[in-house]
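Okay, structure first, notes after.
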Amino acid sequence: QVQLVESGGGSVQAGGSLRLSCAASGYTYSSSNCMGWFRQAPGKEREGVAAIYTGGGKPIYADSVKGRFTISQDNAKNTVYLQMNSLKPEDTAMYYCAADRRIPCFAGGRTDASNWGQGTQVTVSS
């Protein structure tokens, strides 16, 4: 049974940092091809934040987080991370980890995926 478990969310002031983790289990990590982070704020649609190919390659970032967020992975630990720096109030949202086999990863702004975590809340105060 595929499980994605996020952790690391919390409340920070603007300009602060958080590191999210997503531990994958129940399947062969590399078979998912793509791991991504998405977020959804109240009243807004889910949006892609960052994605990474489990086999390596250039990560993908939303324009709104380029230069501030970094996605990385530890294949030995079946874990993907999202380092978030210079956080802004508009980054406030529930953050979800996702796994998907289709490539290119989340192409065309696709926001559906095969498997999702339960989410972790990030709140940034001004």
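Everything numeric here is computed off the predicted structure, so don't read it as measured data.
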T123: partners by side-chain hydrogen bond (donor to acceptor under 3.5 Å, both in side chains), with sequence neighbours left out: Q121
Suppose we screen for side-chain hydrogen bond (donor to acceptor under 3.5 Å, both in side chains). Which residues come up paired with Q40, at least two apart in sequence or across chains? none
Identify every side-chain donor-acceptor pair in residues 81-89 under 3.5 Å, counting partners at least two apart or on other chains, and give the distances.
| from | atom 1 | to | atom 2 | distance (Å) |
| --- | --- | --- | --- | --- |
| Q83 | NE2 | N85 | OD1 | 2.9 |
| N85 | OD1 | S17 | OG | 2.9 |

side-chain contact (heavy atoms from CB on, under 4.5 Å), that's the test. Do V80 and I52 meet it? Break it down for me. CA-CA 9 Å; V80 63; I52 192 167; 4.0 Å; yes
Where A113 and A99 come nearest, the two heavy atoms and their spacing: CB-O, 3.7 Å
Spatial distance of atom CE (M35) from atom SG (C97) [nearest 0.5 Å]: 3.5 Å
Non-neighbouring partners of R102 that pass side chain to side chain contact (heavy atoms under 4.5 Å, CB included), sequence neighbours left out: D100, R110, D112
Tightest non-hydrogen contact, residues N75 and T54, listed as ND2-O, 2.9 Å
Tell me whether I60 is reachable from I71 by hopping between hydrophobic residues (I, L, V, M, F, W, Y) whose side-chain heavy atoms are closer than 4.5 Å. no
To the nearest 0.5 Å, what is the distance between CG on N78 and CD on Q3? 12.5 Å
Return each pair, listed once, that meets disulfide (SG to SG under 2.5 Å) where at least one residue sits in residues 29-93; pairs must be two or more places apart or across chains. C34-C105
Is there a path of hydrophobic side-chain contacts, each under 4.5 Å between heavy atoms, that joins Y96 and L18? no
Test: salt bridge (charged side-chain N to carboxylate O under 4.0 Å, His left out). Region: residues 6-29. Which pairs qualify, not counting sequence neighbours? none
Sequence neighbours excluded - salt bridge (charged side-chain N to carboxylate O under 4.0 Å, His left out) pairs with any residue from residues 68-80: R68-D91
What side-chain donor-acceptor pairs closer than 3.5 Å can you find for residues 21-30, not counting sequence neighbours?
| from | atom 1 | to | atom 2 | distance (Å) |
| --- | --- | --- | --- | --- |
| Y29 | OH | Q73 | OE1 | 2.8 |

If a pair satisfies ring pair (Phe, Tyr, Trp, His ring centres under 6.0 Å) and one of its residues is in residues 34-68, list it, with sequence neighbours excluded. F38-F106, F38-W116
Can you pull the salt bridge (charged side-chain N to carboxylate O under 4.0 Å, His left out) pairs that have at least one residue in residues 41-51, sequence neighbours excluded? R39-E47
Do you reckon V5 sits in the same ILVMFWY cluster as L20, going by side-chain contacts under 4.5 Å, direct or chained? no
